[in-house]
Participant: 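Dumping the structure here so I can ask a few things about it.
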Amino acid sequence: MSDDVMISLDHVSKRYRGQKVPAVENVSMTIHRGEIVVLVGPSGCGKTTTMKMINRLIEPSSGRITLDGADVTSLNPTELRRRIGYVIQQGGLFPHMSVATNIGMVPRMLGWDRRRIDARVDELLDLVGLEPGQFRNRLPQQLSGGQQQRVGVARALAADPPVMLMDEPFGATDPLTREHLQNEFLRLQEKLQKTIVFVTHDFDEAIKMGSRIAVLGERSRIRQFDTPERLLAAPADETVAQFIGAGASLKQLNLRRVGSIAYDEAHLVTSQESPAAVLRHLDESGDWAVLTVDGERRPLRWVGPRDLRPERDTLDGVGIPAPTVEPRATLRDALDAMLTCGCGAAVVVDDAGRYRGVLGIDRLMRAITEMRETERSRDRGVAEASYYRPPMPRTLAAPAQRGGAR
Amino acid sequence: MTATAHRGRTAAAALTPPSRWRTLLRSHWAMPVVLAVTLLATYLWIRSRQLDDIERRSLNADALMRMLGEHLRLTALTTVVVVTVAVGTGILLTRPALRWIAPAATALANIGQATPAIGLLVLLSIWLGIGSTTALIGLVAYALLPVLQNTIVGLNQVDRKLVEAGRGIGMSPLAVLTRVELPLALPVILAGIRTALVLAVGVATLATFINAGGLGELIVTGIKLQRAPVLVCGAILTAALALLLDWLGGVIADLFRPRGLG
Ligand SMILES: Nc1ncnc2c1ncn2[C@@H]1O[C@H](COP(=O)(O)OP(=O)(O)OP(=O)(O)O)[C@@H](O)[C@H]1O
Ligand SMILES: [Mg+2]
């Protein structure tokens, strides 16, 4: 079992010079290989301080921290940090260096040769979804906030460290970008299987990202350290419950993945289809709309009866853009997507953006009702056994079964 | 700056803006022209006059080159010593362990600058005797402050988050200094050096009082022997030299401004 432990904090405290109360007091926790542990808590509770003690940006006043079995204070700080990726809010990129230089910094410190560094930089840019040819030579100021975050993640991954510390890495982005970055990061993590300590004060983000969540209170005191499911089902005390907020069942929207519920099918047509044929199909089938796709079966637009002009030849540019979600997106993401476009369905796509199925609002509502009923019955005190567990494994391994009948 | 102007173009264009030299030329062409015209006018004016013996002894190519050489040598040496000492000290004084001494050190450097330059030179020569070494020490003491202060300010204004990011990703303290802190502090440090350079050129005219030569000789001769052409020539040469070096400093500062700022 102890082989499995990557990081352990043992009665760790930190009191900043000149402060009466410690910022972190007597924290103990173990973090296992390959899991994402999220530290979540109100502002100023000591999350950042706790995290920075792991890579010794801050030295603990007392207690012991081990990384892979070795006491971190026995290691050279610089060497230690090269084994721990570090991502901070707003990227913390060096403004005077190109994206490539930023990412290649640690490999260069490690004495890799140029060719190897260049290859690694391109590989990492690909990995975080930035086209190397286009972004390699840009300066950070020539990137959007979301792109900067990705470069920050790429830089942290440069020397392939087994451990990553991420301090509100997606904090400064708008909700849609953040959701996108979260999904991308979860996809990366499926491949990379790093041990990750993730700091946020957004509880929804914690539920989405965490294998386990530590809810911290004043002075980083651990109020509860549990899986998202158990945290939502059984908050340890009033404060945690308050922090989770009202409607734990709705929070489960952040927990259940699109891949875990059955999809419907849409009638797919290409843009070349004639409006008349589509009208006929809609009449006969009673569908509310058809979905136009491109040659690769990537969804384009929803086309309903009111969008159709029989006098036109094709469906080019007709209808409203179809919102897409990946199977690993949460139901909350799907709901957001539907609300944003104002249509009652999100198209589920695979990694390459190809059509896999449709998640309709009615299926979503059914899932919500189900969750609320479970919660209600639990509140009546009969729930323990029947507590609903999402069918999707937390490792996110395989995108789940698809149900919709053709 | 050019980098921003090219935002959105291809990355290569942003990296090496083709117009960097042209931009430099456009913003810096005036000073050399003004200086050339002034020097030419001075030359023609002196040529048009009947010079007497005393004037001729000072205003001939050999003497002028010697004095200019002495002046430049003194200024250059001062700059080298000042940059080494002040930048080095500034770096040390911004390391966490030594940060607390910084106020005392700047106060000390302040004494050097606040003392009237001529007084400082005279005091030093009483102590160390006259000659160019004494002049050098005096000039260094005088020009140290702007560089020291700007080095400290420049390094301290570097975003702490970036320094921490550097350490956090595993850069050694030296790498953080040379690759993050110094490049980002460079514009401020260069501004300090530029100020010091101009100060040094001006104050080096006083070196003649302790027998260390330089263009000050012309000025002093001009005043003492009431020879206007000699005095004017000395003043103009000194001013032209100061302006030229200031101009050079400006060009260098633009040339080395880190990309990606502002
Ligand atoms: N360098 C420091 N010196 C003194 N006190 C500090 C220092 N850094 C943080 N603190 C204090 O320690 C406490 C915990 O700070 P910390 O940054 O760890 O909080 P946090 O949970 O990360 O907050 P946030 O969510 O706002 O980032 C705060 O009360 C803060 O004021
Ligand atoms: Mg913080």
Side-chain angles (χ1 to χ4, degrees), chain A residues 48 51-52 54-58 75-110 130-143 152 154-159 161 164-167, chain B residues 1-18 20 95-97 99-100 154-155 157-190 253-262:
Chain A
T48 300
M51 195 180 87
K52 283 184 188 164
I54 297 172
N55 69 355
R56 291 184 65 189
L57 281 176
I58 295 174
L75 305 166
N76 170 311
T78 303
E79 306 279 314
L80 171 76
R81 293 180 197 131
R82 285 176 191 171
R83 291 167 49 197
I84 304 178
Y86 184 51
V87 188
I88 54 179
Q89 194 167 340
Q90 278 154 351
L93 301 178
F94 304 126
H96 57 303
M97 296 177 192
S98 69
V99 164
T101 317
N102 265 287
I103 297 176
M105 187 52 77
V106 175
R108 187 178 330 181
M109 302 272 116
L110 291 170
L130 297 173
E131 218 279 294
Q134 199 183 345
F135 288 97
R136 203 189 285 129
N137 294 325
R138 291 225 195 152
L139 292 168
Q141 67 169 13
Q142 297 167 318
L143 304 176
R155 184 175 69 176
L157 288 169
M164 300 262 280
L165 304 180
M166 309 181 77
D167 195 353
Chain B
M1 239 198 76
T2 44
T4 13
H6 289 278
R7 193 184 283 209
R9 283 237 215 130
T10 65
L15 253 189
T16 47
R20 182 157 224 183
R95 298 310 92 191
R99 192 160 284 168
W100 59 276
L155 288 171
Q157 52 105 54
V158 173
D159 191 348
R160 289 294 102 194
K161 265 183 69 177
L162 292 179
V163 175
E164 195 176 77
R167 295 203 302 139
I169 65 171
M171 293 168 76
S172 64
L174 185 66
V176 174
L177 175 68
T178 56
R179 290 175 193 273
V180 180
E181 293 185 83
L182 283 178
L184 290 174
L186 197 63
V188 182
I189 298 178
L190 282 179
D254 273 359
L255 215 53
F256 286 89
R257 197 183 304 283
R259 306 174 296 141
L261 293 185

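Letters go in sequence order (proteins before strands), and every chain restarts at 1.
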Participant: Would you mind telling me which of A:Val99, A:Val106, A:Asn55 has the largest number of heavy-atom pairs within less than 4.5 Å of chain B?
Facilitator: A:Val106

Participant: Considering all heavy atoms of both residues, which atom of B:Leu162 and which atom of A:Gly92 are nearest to each other, and what is their separation?
Facilitator: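 Answer, listing the atom of B:Leu162 first, then A:Gly92: CD2-O, 3.7 Å.
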
Participant: Chain A contacts: which residues in residues 168-176 of chain B have a non-hydrogen atom closer than 4.5 Å to it?
Facilitator: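 Result: B:Gly168, B:Ile169, B:Gly170, B:Met171, B:Ser172, B:Pro173, B:Ala175.
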
Participant: To check you understand the geometry: which heavy-atom pair defines the closest contact between B:Arg167 and A:Arg81, and what is its length?
Facilitator: O-CD, 2.8 Å

Participant: Measure distances from A:Arg83 to the heavy atoms of chain B and classify the residue's part below 4.5 Å as side chain, backbone, both or neither.
Facilitator: neither

Participant: Which atoms of A:Leu110 come close to chain B, meaning under 4.5 Å heavy atom to heavy atom: side chain ones, backbone ones, both, or neither?
Facilitator: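 No part of it gets close to chain B.
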
Participant: Given heavy-atom pairs under 4.5 angstrom as the criterion, report whether the side chain, backbone, both or neither of A:Pro140 touches chain B.
Facilitator: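 Contact with chain B is absent: no heavy atom of A:Pro140 under 4.5 Å.
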
Participant: Taking all non-hydrogen atoms of both residues into account, name the closest pair between A:Met97 and B:Arg179 and its distance.
Facilitator: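 What the structure gives for the nearest pair is CE-O, 3.2 Å.
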
Participant: Can you tell me how far apart CD (B:Glu164) and NZ (A:Lys52) are? Round to the nearest 0.5 Å.
Facilitator: 3.5 Å

